Protein chains: 6
Amino acid sequence: MTSASMPPATRPDGRRADALRPVRITRRYTKYAEGSVLVEFGETKVICTASVAEKVPPFLRDKNQGWLTAEYGMLPRATHTRGDREAARGKQSGRTQEIQRLIGRALRAVFDLEKFGQRTLHLDCDVIQADGGTRTASITGAFVAAHDAVSELLASGQLAESPIRDFVAAVSVGIHRGVPVLDLNYLEDSDCDTDMNVVMTGAGGFVEIQGTAEGEPFTREQSNTLLDLASTGIGQLVQLQKQALGLL
Amino acid sequence: MTSASMPPATRPDGRRADALRPVRITRRYTKYAEGSVLVEFGETKVICTASVAEKVPPFLRDKNQGWLTAEYGMLPRATHTRGDREAARGKQSGRTQEIQRLIGRALRAVFDLEKFGQRTLHLDCDVIQADGGTRTASITGAFVAAHDAVSELLASGQLAESPIRDFVAAVSVGIHRGVPVLDLNYLEDSDCDTDMNVVMTGAGGFVEIQGTAEGEPFTREQSNTLLDLASTGIGQLVQLQKQALGLL
Amino acid sequence: MTSASMPPATRPDGRRADALRPVRITRRYTKYAEGSVLVEFGETKVICTASVAEKVPPFLRDKNQGWLTAEYGMLPRATHTRGDREAARGKQSGRTQEIQRLIGRALRAVFDLEKFGQRTLHLDCDVIQADGGTRTASITGAFVAAHDAVSELLASGQLAESPIRDFVAAVSVGIHRGVPVLDLNYLEDSDCDTDMNVVMTGAGGFVEIQGTAEGEPFTREQSNTLLDLASTGIGQLVQLQKQALGLL
Amino acid sequence: MTSASMPPATRPDGRRADALRPVRITRRYTKYAEGSVLVEFGETKVICTASVAEKVPPFLRDKNQGWLTAEYGMLPRATHTRGDREAARGKQSGRTQEIQRLIGRALRAVFDLEKFGQRTLHLDCDVIQADGGTRTASITGAFVAAHDAVSELLASGQLAESPIRDFVAAVSVGIHRGVPVLDLNYLEDSDCDTDMNVVMTGAGGFVEIQGTAEGEPFTREQSNTLLDLASTGIGQLVQLQKQALGLL
Amino acid sequence: MTSASMPPATRPDGRRADALRPVRITRRYTKYAEGSVLVEFGETKVICTASVAEKVPPFLRDKNQGWLTAEYGMLPRATHTRGDREAARGKQSGRTQEIQRLIGRALRAVFDLEKFGQRTLHLDCDVIQADGGTRTASITGAFVAAHDAVSELLASGQLAESPIRDFVAAVSVGIHRGVPVLDLNYLEDSDCDTDMNVVMTGAGGFVEIQGTAEGEPFTREQSNTLLDLASTGIGQLVQLQKQALGLL
Amino acid sequence: MTSASMPPATRPDGRRADALRPVRITRRYTKYAEGSVLVEFGETKVICTASVAEKVPPFLRDKNQGWLTAEYGMLPRATHTRGDREAARGKQSGRTQEIQRLIGRALRAVFDLEKFGQRTLHLDCDVIQADGGTRTASITGAFVAAHDAVSELLASGQLAESPIRDFVAAVSVGIHRGVPVLDLNYLEDSDCDTDMNVVMTGAGGFVEIQGTAEGEPFTREQSNTLLDLASTGIGQLVQLQKQALGLL
């Protein structure tokens, strides 16, 4: 799909259908973590930290490899109305667990755990303001935080070779009022027929496709259009990750 | 993709790449539930019950519609090695929650909640033997259980019109040792590069696509091949649902 | 008590007061567990699996003996109205814990843990349909599952000698509308004055007697009549266990 | 069995086989509860309080009857070695739940809930020192506390008629080194073949019999001997309850 | 105590003993909350939001007053080494609960709940970077967030009169290596003999004094010196609150 | 402050403003614990036990020192109206955790953990009747229990030298209807403007000061008056501890 074929802009924030929101990636956002990134997809803001621990979980003991795991949370008032604090309620919601499992899988897809030694990389993604796309922003930001943590291990000689095999980033796409659009904000997300989260590598391979019909089922053609939009968007996000890391 | 183009059968159980495992759908499996189905995808066996409750959760009170929700569980020794009992451990795993959320969304996609009255339909999917594909078998069986429960409400005059808009079924597809295959068993599932769960309606619309690269990222072409396989398989499953319901 | 002295059959299902419901014991019901039994006492159906784990709980470490423990559960719609899923609620009820403790004690009473090595035998009893007597069916079926698991260990040479000292089975008895009856179904159980669960060995020794006055207190004579009924019933159950195991 | 036929005293504390430990029942032990009793069976000491709440649990709403429920706990150092505090661990053990369910059933057996109005009687039994028989002491003491609470409601005119139909008390019996004995202390309890807890009414009816073979199975004759011992003991306990209440 | 009498600066960060760290109060930090403040005490950074809910907790229903409550949390990597995520662990630590109770009491001390209507003000204090003094920064920032939320209610006419009676702020003081110091950072806090958190109103009244001897007990004289330091510091904090609110 | 300057007795129980309630310290209250004390501050009654465990928590392993920790609880009917049992609710309240953390800190302040060996001293404070001041009574009683436990270790040669460096006791003070008073009972506590809990050593050093304005903020002068009252009271409590221990 070329942008020429897109319908005129009718999106709530005036964006073209194939446009990302303004993306900002701020490194070294907090001072203790080996990697710390504030990632912004428009009004969605997530703090992603990467913490290195010199041990692995029990199921990997003595297996001569490392581990990478992710956790996700939202501040209670990251959203329009205040949500319960999960720590106070005593458990993480199904949604939270689903998202943090997704983030972990996405990052492990580009991470060679055998080259990471007996270490765990903890990625914490905490949403301080939510306007749609928190999971895709989390993946995109967590990659940069993980890259910084690995760079520090390489610089200090704790790692001889980088376990990172490729870039990874994510974006949402969806069909909003009949129009396939890229990078939905909350208004669009809560009013769309189909919602798809896509995770891809820098080389353009798919790591995850999660498409859900919220209203009417979607067709193969719609799916293809959405994957086209996502590919374009993720290509841009990977460029932004590289710029943020000073690799361009 | 036609089956003619498939490579010769190399699957662990001798199946063709595009063949479902033997599927059995046994209705009225237990006696109390409004709908009760034992669904078998080969050696995977799931008891799916549909229970009607004459109330709705608090967030729907006074909204003049019904609700449909699903829960999923596995008997501790449904698997090769015994797993912890979630009730004894005191919480459901992230995997369990992810699956039951998927089942619920899949069924709601073909269910008109406004035609269901102030009722909740509880779908319980309990795996008594697991050999891969428990979530897709659950969705496929739960639909039949839901259909039976609705038929009972129609027969008794409690519902005037069916809230069910279409059939829904699900199947897994994946790339096993380079070969795209349909309906993976456990052996294939634990050794595949890409795993995709697909939920479709009887009319052939997509409700969910959840594809994950377990090893290498997958390509657009592979994704298309997998979706072809899934469409074929789900078409067959819907036929089997109709046969089981005596609608053919 | 001889059956001659029993009053004419007035039981809801037409049984004689001293008659068991039809009992079926199906071995190798699921395929992974070392022992797997579907036990049916009339409409009560329980899947009992025996799983061998090559380790013992911490309190037995280095004590040169094994352990045997039981867990119990009900599918949410095993009953007339759907019950909460204990895994979702986050804890097992007092009733569940009481029953699984009883099952474990009953089986340990005929099991020589010192002859079992540094192993644990997990017995899981999951009720898929409940019509009274789920705990007694569980004990009766779990014994057969345990026997199969032990036979496998003997056959493979992992055990030199069987730790099983005797058979064990269980039945409920009660006073229903003034009549002492054997093996109560749900209708009787929910409308009886006294309810007693009895566990006995193949040799006729008592392992557990748990009698409760639901309405009026019961007398010593009634207790004796109930224990007579139970002895007869358990004798028959042990015969059925032997038949199922091919030992008759 | 008459005491004449008992073997010479060989019990650890020098008691005759058919002798209770010294029993003390102290009313108004703490000052706020409607009934508050310290009950001592030898070195076993339990604080039993009865609290009246002017409401019933949801399942009894609008049913025009009351409710009675019991809870049980042990101070962490009520025992030889310190046990975990259940409040800190975050759950009550299976043993605790089993005991508090027993206490509740025992008291409800002599309590006419329909005469209690829309009220709940909470019985809390907290063991401050344990030397065997904590559940039987709890039942025996809780009855006195309940009686005091009811008397207060009668005195104040809140109840017109007592819901208490009879006395209820409990005692343990067991076979210790071959000798049937009454009211086991901890030393005997932890070294006995058969352990039986018996709950009876003042009129001599059985409310609960819970007999467990800890080692060898027990015979019908042993069961009868134990029930004889229990009947004698409970008869004495009911007299002590009456004395404590000033009803003799 | 005048600053003239202070020993020469020996603090890790070169501050005078009676100097606050640089304090920054950023209002409208996130966009949804009625009040949203980023408060920084040096390297300690806390997001404080004030959320208005149009209901009160059950214990205040029909009492014609409002409620104010606080919750506190830390991002896992707010600290030198990553801490467990409380939501994942399933409970808030004792420290967390202690702090959020303190914040709530501090704010209620200057808040007239009877003038707040049937509303709840939720104050959420989430630490994104911790370098000592997180609870005092939280109180200081939460006041500003609460003030903004109240101003919005006043502006919209939902409140006729402000329930805020005075300012409130907090600071820590302690004896570090023998020297009484104001506003300890983490290095000082983890190496001090006495640690005191003080909450005061704008008018100079004490709301909370919480002093703890970490090593040697402290004297009355030391306590007085610390309270002097705290009074000075809180006076400055209240000025900074007023500046931030544009009230100076 | 001398008692001469106190206003005439107006306290609910007729005490002078600077008078403690009758204090009783009963050692060896229960029989198993190494130290077991019933402490009474008027109608407040707390059982304090000290239990020695021959191990330390993980964070102290191989650090050649011991540990001391406290837990606190209330029987459900220790208070005017029955409170929920924390073990049944599944968690300790914030209040409970705050109190047990305070007790632990207070005792550790006079305890040289390096002289205690690889042991843990568990202090359990369980309130059987509450009339204000349960935390201060707990600290005062726990010290005596700890002292007894240490004496036993010294007597048996398990410790060569006492780890106890000084006495420690606690008392509450407050401003009740304008009058500064010592050792508040429940009536005063629930109706006071300022409430302060003070922990001091035998030598007169401060271990904890926790002052809270319940209504109006308090002044420095009021704080000083309260600390004077507390010092006097704690001096008397330490004398009573010494008497109880036979050290006077």
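Keep in mind that this is a model prediction, so the values were computed, not measured. Throughout, protein chains are lettered first and strands after them, A, B, ... in sequence-line order, and every chain is numbered starting at 1.
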Using 0.5 Å steps for rounding, measure from the CG atom of A:Leu107 to the CD1 atom of A:Ile139. 7.5 Å
Side chains of B:Leu247 and B:Phe167 in contact at under 4.5 Å (non-hydrogen atoms): yes
Roughly how far, to the nearest 0.5 Å, is the CG atom of B:Leu68 from the CG atom of B:Leu123? 5.0 Å
For A:Phe41 and A:Leu20, what are the C-alpha separation, side-chain angles and deciding distance, and is it a side-chain contact (heavy atoms from CB on, under 4.5 Å)? CA-CA 8 Å; A:Phe41 277 29; A:Leu20 295 172; 5.7 Å; no
Between A:Leu226 and A:Phe218, is a side-chain contact (heavy atoms from CB on, under 4.5 Å) present by the stated rule, with each step listed? CA-CA 11 Å; A:Leu226 292 175; A:Phe218 57 95; 5.5 Å; no
Are there donor-acceptor atom pairs under 3.5 Å between chain B and chain A, and if so which?
unit_1, atom_1, unit_2, atom_2, d
B:Gly94, N, A:Gln97, OE1, 3.2
B:Gln97, OE1, A:Gly94, N, 3.2
B:Glu98, OE1, A:Arg101, NE, 2.7
B:Arg101, NE, A:Glu98, OE1, 2.7
B:Phe206, N, A:Phe218, O, 2.7
B:Phe206, O, A:Phe218, N, 3.0
B:Val207, O, A:Ala213, N, 2.8
B:Glu208, OE1, A:Thr212, OG1, 3.2
B:Glu208, OE2, A:Thr212, OG1, 3.0
B:Ile209, N, A:Gly211, O, 2.9
B:Ile209, O, A:Gly211, N, 2.8
B:Gly211, N, A:Ile209, O, 2.8
B:Gly211, O, A:Ile209, N, 2.9
B:Thr212, OG1, A:Glu208, OE1, 3.2
B:Thr212, OG1, A:Glu208, OE2, 3.0
B:Ala213, N, A:Val207, O, 2.8
B:Phe218, N, A:Phe206, O, 3.0
B:Phe218, O, A:Phe206, N, 2.8
B:Arg220, NH1, A:Asp228, OD1, 3.2
B:Arg220, NH2, A:Asn224, O, 2.9
B:Arg220, NH2, A:Asp228, OD1, 3.1
B:Asn224, O, A:Arg220, NH2, 2.9
B:Asp228, OD1, A:Arg220, NH1, 3.2
B:Asp228, OD1, A:Arg220, NH2, 3.1

Measure the CD1-SG distance between A:Ile103 and A:Cys125 for me, rounded to the nearest 0.5 Å. 4.0 Å
